[in-house]
Each structure stands twice: as structure tokens, then as C-alpha cells.
Amino acid sequence: MCHFLQNFAFSLFISFWDHRHTASIAAGNHGIPVVVSNHQFGNASGMAPRAHIAVYKALYKSFGGFAADVVAAIDQAAEDGVDIISLSITPNRRPSGLATFFNPIDMSLLSAIKAGIFVVQAAGNTGPAPKSMSSFSPWIFSVGAATHDRIYNNYIVLGDNLTISGTGLASGTDGDSMYTLVSAMHALKNDSTDANGMYLGECQDPSYLNQDLVKGNILVCSYSIRFVLGLSSISQAIETATNVSAAGIIFYMDPFVLGFQINPTPMSIPGLIIPSPDDSKVFLQYYNNTLVRDNTTKSIIKFGGLAKILGGLTANYSNLAPKVMYYSARGPDPEDNSLTDADIMKPNVIAPGNLIWGAWSSEGADSAEFQGEKFAMISGTSMAAPHVAGLAALIKQKFPTFSPSAIASALSTTATLYDKLGGPIMAQRSYSNPDSTQSPATPFDMGSGFVNATAALDPGLIFDTGYDDFFSFLCGINGSSRVVLNYTSNNCGNTTMNGVNLNLPSITVALLNQSRTIVRTVTNIGSNETYSVSWSAPYGVALSVIPTKFSIFIGQKQNLTFILNATMNSSAASFGRIGLYGNQGHVAMIPLSVITKVIYNGTIS
């Protein structure tokens with residue numbers, strides 16, 4: 001369907017990363033060859049290749065920017081008539097004040113919602129801790145980052161036949177030949193010192209190395225926090241290895257580099273990065289154990305370690321996906337700086353955000369590893385958000401009259417809950433060895449689930465809401481009337497609403513004090529259909545739904561009443577799900593989250 005999207009929509013993209021990358025994910029041209037470091041990696045297409053794009057510059061490399069500049073960009077985009085705003089930015093700290101929702105950017109985006117603009121925002125790369133969400137408001141569609149099943153793996157095979165997995169967009173060494181391993185720290189010229197603070201083990205300057213020791217061998221370099229900070233680079237190490245005629249290069253991970261995503265990096269010579277500190281220890285142990293030293297002086301008289309590099313230029317699709325990445329920000333949504341829970345589910349969905357190919361400026365300096373290239377592979381929720389923005393453009397084309405909330409509903413109720421093998425979507429829960437700590441994802445990890453492009457174009461039912469409801473929600477926050485007046489120029493009046501009663505395609509209850517009745521209204525935009533309702537209640541909660549079956553004509557609305565009763569005292573969040581199953585094949589899923597449950601006054605365990 002992407003091929004036939006007509007020229008209808010503009011989208012706004014603001015990102016700390018090169019805007020070409022995020023814009024191309026959402027609306028890049030179809031079937032463009034991806035060539036990096038003279039290697040071909042297939043063809044790339046944006047989600048909505050024929051959508052128009054408007055880019056507004058509000059942020060700058062290293063410095064970032066001011067909220068006022070972002071607000072000005074949002075206002076200008078609204079004035080220009082965009083249909084979708086995609087922000088691959090988040091605040092660098094939780095907004096202070098009465099509530100997280102009352103900040104200049106979120107309130108400017110509420111004005112965009114009033115103008116009929118769908119708003120997508122990256123959830124933030126601040127996970128995996130609870131309440132680490134960096135996108136707060138219910139009118140903003142917050143997107144977390146997940147894996148896809150494509151992976152580029154290369155390997156080293158050591159002289160003792162041990163194989164270690166690595167990452168790097170590079171070819172392998174020739175054939176089955178084994179090459180001698182030589183650490184940069186053991187190949188220094190006699191007069192070399194750690195001049196100007198440079199870590200010699202990072203292979204950043206060939207003038208310090210003895211070429212006679214390295215030539216024809218595999219150069220071993222360390223990967224430290226300096227690479228993450230941009231003080232050292234893979235490309236410079238490759239240049240060093242080339243200048244000293246190394247046959248290849250291997251980077252082992254400094255044990256202090258934790259919590260950083262190591263993206264596959266293009267290399268013009270055989271090479272890889274060992275991203276695991278544990279695997280790096282194994283590699284270094286082998287290397288050190290094979291060194292032959294003089295018994296008296298302890299100087300190295302022979303490099304005994306051998307290895308060959310198996311290339312990683314060909315993608316394989318063995319990765320279990322989707323999976324919530326450890327860095328993806330998590331709910332529950334914090335309502336204020338005291339971390340009070342809001343009755344709002346965040347994130348809304350997850351989308352591909354890990355190891356994403358996108359267009360790149362060959363003159364850009366945002367990533368030294370891809371400098372001079374026209375494509376780059378980057379990870380983060382910043383990459384997930386434009387996937388959803390592009391899909392929203394497709395929905396907007398099919399349903400031109402859809403409100404922003406209707407688009408959000410279509411994306412949410414049709415999201416998938418299962419990985420490609422039919423198991424539950426998993427969520428990584430630690431920086432170090434994240435796969436070893438993963439467990440099934442909850443709505444506070446993945447929202448409604450992993451976005452489903454095809455199903456979202458035929459949702460059957462939608463949950464619609466609008467500016468007036470969001471305005472009433474803000475007025476329902478204690479002491480908010482003056483703040484609301486300041487931001488909107490409107491008085492609150494007597495009509496207020498709390499978050500749990502917003503007509504969202506999810507239900508989140510921060511405090512279930514004995515019992516609560518919640519109403520949702522669905523609108524049929526599919527076909528005349530009869531729906532059956534089924535559910536699984538959160539642990540510690542009894543749930544009933546009225547009605548359990550209903551028939552609904554196109555354009556008709558149907559109220560659904562959910563009655564929740566606490567059956568235990570607990571402050572541990574529990575989760576359930578409500579499914580609306582139509583006899584014409586439509587399915588709408590509603591995640592249900594209850595945090596604190598109280599059946600009587602007393603201590604909550």
C-alpha cells in the first residue's frame with residue numbers, strides 16, 4: 001500500500017539525530033539501494049514513500065536547544081497545515097511544576113491536536129527502570145523501541161576453536177587462514193607514551209605503533225567510553241590499522257561501557273566489535289594466555305594467539321522479534337515530580353527502533369562511524385517514532401476525516417501481542433546482558449503492543465476523543481485552573497474529567513479504591529458487525545463488562561461499561577486485557593492496568 005500513497009500529507013520531524021534519518025524512515029522513497037563503505041545492504045523504503053515532508057530546524061548538534069524554539073517549530077508546522085508531527089526528541093529532565101503535562105512543548109502539541117494534527121513522540125531512551133517515561137501527555141502518541149528479526153552478525157574463531165560473536169558491517173579475513181593477534185598496547189614504539197590523554201590501546205594514531213609487529217596480523221584495540229562520547233572513533237582506528245598494514249581489526253569492550261547500544265559499524269577492512277564485556281574477558285584471557293614471555297624480563301618474545309574473522313555483511317533473520325529494548329523508556333506514566341502515577345498508559349505502542357537503516361548526510365558529523373556515507377544504521381526510540389508517523393500517514397490517507405485520537409486508536413487496538421514464533425513479546429530489563437533478564441512485556445513496557453501496519457488500516461472499531469476532553473482532563477488536576485488559563489487562555493468552568501475516564505483505547509487505574517466503574521465508547525468505521533467481549537482481569541481485581549455481546553452498524557456508537565473491584569490490598573501493578581471480537585474478523589484489544597488496589601483502609605503490602 002505504501003506504493004500508492006498520494007501526495008497529501010506533510011510531516012514534521014525534529015531530532016537530535018540527522019533529520020534525514022528520521023524523515024527517511026517515515027517517508028523515504030521506495031526501493032533505494034543502501035550502499036555503505038562500498039558494501040550493498042539491499043534496498044530501503046520509508047513507511048509512506050509518497051508523503052510530503054516539512055523539516056523545521058529547532059535543535060543543534062551537541063548544544064541541543066530551547067523549548068521555545070521547539071514550540072515555535074510546532075506552531076509554524078501547524079500554520080503550514082501539516083497532518084502529522086513526529087518528534088524524535090524528549091526533555092532532558094522531567095518537567096517540574098503541578099504536573100508533567102504542563103510544559104511548553106506538551107501544551108503546544110495540545111494546540112496541534114486541536115488543529116487536527118496527529119502527534120507522535122519518541123518515548124525516550126531512559127529505560128528500563130519503571131517510571132522512566134519521557135513522553136507524558138495523553139494527547140501525544142508515545143512510541144517505544146523494539147527489535148526486528150534482521151541481524152548482522154560476524155564472528156571470530158580463535159586458535160582453540162572457540163567462536164565469539166561480534167558486530168560490524170565488514171568482510172571476513174581470507175579463507176580459513178588464521179592470523180596472529182597483536183594488541184596495540186603490545187605493539188607500541190619504544191618511545192611511545194600516553195601523550196595528550198590519548199588511550200593508545202584505542203588505535204587512534206598509527207604513529208605510535210610499530211608496523212613491523214602489526215603488518216599482516218590482526219590488530220587488537222580497546223573500545224572504551226571515549227568511543228561513546230565521540231572522543232575516539234572506529235573509523236580512525238580503521239585508518240590506523242590500514243596505515244600499519246594490519247590484516248584485520250578486533251575491538252574488545254571495556255568493562256566500564258555498560259548500557260550503551262553498540263550499532264554495527266561499517267569497516268573497510270575485516271573487523272568486528274565484541275559488544276559483550278563477558279565475551280571480551282574470554283577473548284582477552286585467550287590472548288594473554290597465548291603470549292610467550294621471557295622468563296627473566298617478562299617481555300613478549302612471541303604472539304601466540306591466532307584468529308580468523310567471519311564476515312558480517314549478509315543479514316540473517318534468526319533474531320527473535322519483536323522484543324522491547326532495554327533502553328526503551330517504561331511506564332507507568334509519572335504525573336508529577338513526586339512520581340505519582342497517572343491514570344494514563346505509556347508508552348502507547350512499540351515499533352522497530354533497533355539497528356534501523358536510514359538516509360544520512362554524507363557531510364554530517366553526528367556519527368563519526370558513518371561520516372561520508374549516505375545511509376546509517378542507528379538505534380533508539382527516535383527511530384521507532386517515525387515508523388509510526390509514516391503508518392499514521394497511510395491511515396490518514398485511507399480515512400481523511402479521522403481525528404488524531406481515531407488514528408491513535410487504530411494503531412493501538414490492532415497492535416500485536418506476540419513475537420514471530422507466537423510467544424509473548426519479551427522485554428529486556430537490564431543494561432548488562434539484557435537478554436538474560438528478559439521477561440514477558442507488560443503494557444508499561446510495550447503499551448498496546450507492537451504496531452501492525454496492515455491491521456491498523458482496518459481497525460473496525462475506534463475510540464475517539466478530542467481537545468475538549470483533554471482540556472477537561474487538565475482542569476481535573478487539583479489546583480490547575482490558573483495554569484490551564486495561562487496555557488490555553490480559557491477558564492476551566494465546572495466540567496472536569498480524570499484520566500481514567502478519557503475515551504482512550506486503554507484503561508489505566510493508578511489507585512483502585514475498592515470499586516470503580518469506567519465507561520468507554522466505540523464507533524464502528526468498518527462494517528455492520530456483531531462483537532463478543534472477553535477479558536482477563538488483572539491479579540487482585542474482579543472485572544465485569546456490560547454488555548458482553550453487541551451488534552453495531554457502520555457509524556453507530558456503543559457504550560461499554562467496565563466494573564472493577566479490588567479483591568486484595570496491593571501496591572504491585574497487575575495487568576489484564578479486554579478483547580472485542582467481531583464476526584467479520586475485526587479484533588480490538590484494550591490493555592487494562594491497575595497499580596494500587598485497596599479493599600479496606602489499612603497498610604498496603
Side-chain angles (χ1 to χ4, degrees), residues 1-15 19-20 22-30 45-58 70-89 105-122 135 137-143 348-349 351 382 384-414 451 453-454 456-459 462-470 505 523 525:
M1 296 206 63
C2 294
H3 299 69
F4 303 104
L5 182 66
Q6 298 303 308
N7 298 334
F8 75 97
F10 287 85
S11 298
L12 164 67
F13 297 92
I14 309 174
S15 174
H19 65 267
R20 291 170 179 81
T22 49
S24 68
I25 292 169
N29 289 336
H30 174 71
S45 300
M47 297 293 100
R50 297 193 180 180
H52 288 169
I53 297 173
V55 177
Y56 301 80
K57 189 172 183 64
V70 178
V71 169
I74 293 168
D75 290 346
Q76 184 61 55
E79 185 177 332
D80 292 342
V82 305
D83 294 296
I84 298 158
I85 291 178
S86 180
L87 295 111
S88 288
I89 63 169
I105 294 176
D106 283 33
M107 295 305 293
S108 178
L109 291 172
L110 179 58
S111 296
I113 293 291
K114 186 177 184 180
I117 301 169
F118 180 67
V119 176
V120 187
Q121 185 178 26
S135 177
S137 298
W139 53 87
I140 298 173
F141 202 74
S142 310
V143 185
N348 294 88
V349 295
S382 287
H387 277 91
V388 172
L391 297 180
L394 298 177
I395 295 172
K396 185 70 173 177
Q397 184 218 15
K398 184 175 180 180
F399 301 102
T401 61
F402 263 21
S403 68
S405 292
I407 296 173
S409 175
L411 290 163
S412 298
T413 61
T414 58
V451 67
T454 302
L457 291 168
D458 186 22
I462 59 167
F463 296 74
D464 208 357
T465 190
Y467 173 84
D468 289 343
D469 289 335
F470 293 130
T523 304
I525 56 91

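All values below were derived from every heavy atom in this structure, side-chain atoms included, with hydrogens, water molecules and symmetry-related copies excluded.
F402 places a side-chain heavy atom less than 4.5 Å from the side chain of I462. Side chains of F141 and I84 form no contact here, defined as non-hydrogen atoms less than 4.5 Å apart.
The shortest heavy-atom contact between H387 and M47 is O-CG, 3.4 Å. Looking at every heavy atom in both residues, A351 comes nearest to V451 through CB-CG1, 3.8 Å. Scanning all heavy atoms of the two residues, the minimum distance from T22 to P386 falls at O-CB, 3.2 Å.
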Counting only pairs under 3.5 Å, give me each side-chain donor-acceptor contact of residues 109-122, with atom names and distances, residues two or more places apart or in other chains.
{"unit_1": "Q121", "atom_1": "OE1", "unit_2": "S135", "atom_2": "OG", "d": "2.7"}
{"unit_1": "Q121", "atom_1": "NE2", "unit_2": "I89", "atom_2": "O", "d": "3.0"}

Got a list of side-chain donor-acceptor pairs under 3.5 Å for residues 70-78, not counting sequence neighbours?
{"unit_1": "D75", "atom_1": "OD1", "unit_2": "S108", "atom_2": "OG", "d": "3.3"}
{"unit_1": "Q76", "atom_1": "NE2", "unit_2": "D80", "atom_2": "OD1", "d": "2.9"}

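Residues that satisfy the ring pair (Phe, Tyr, Trp, His ring centres under 6.0 Å) test with F470, not counting sequence neighbours, are W139. Every residue two or more places apart in sequence or in another chain was checked for a side-chain hydrogen bond (donor to acceptor under 3.5 Å, both in side chains) with N29, and none qualifies. With sequence neighbours left out, S412 forms a side-chain hydrogen bond (donor to acceptor under 3.5 Å, both in side chains) with no residue at all. Taking T414 as the reference, A455, A456, P459 meet the side-chain contact (heavy atoms from CB on, under 4.5 Å) condition, with sequence neighbours excluded.
Rounded to the nearest 0.5 angstrom, N348 CG and S142 OG are separated by 5.0 Å.
Between D106 and S137, the side chains place a donor N or O and an acceptor N or O closer than 3.5 Å (distance only, hydrogens not considered).
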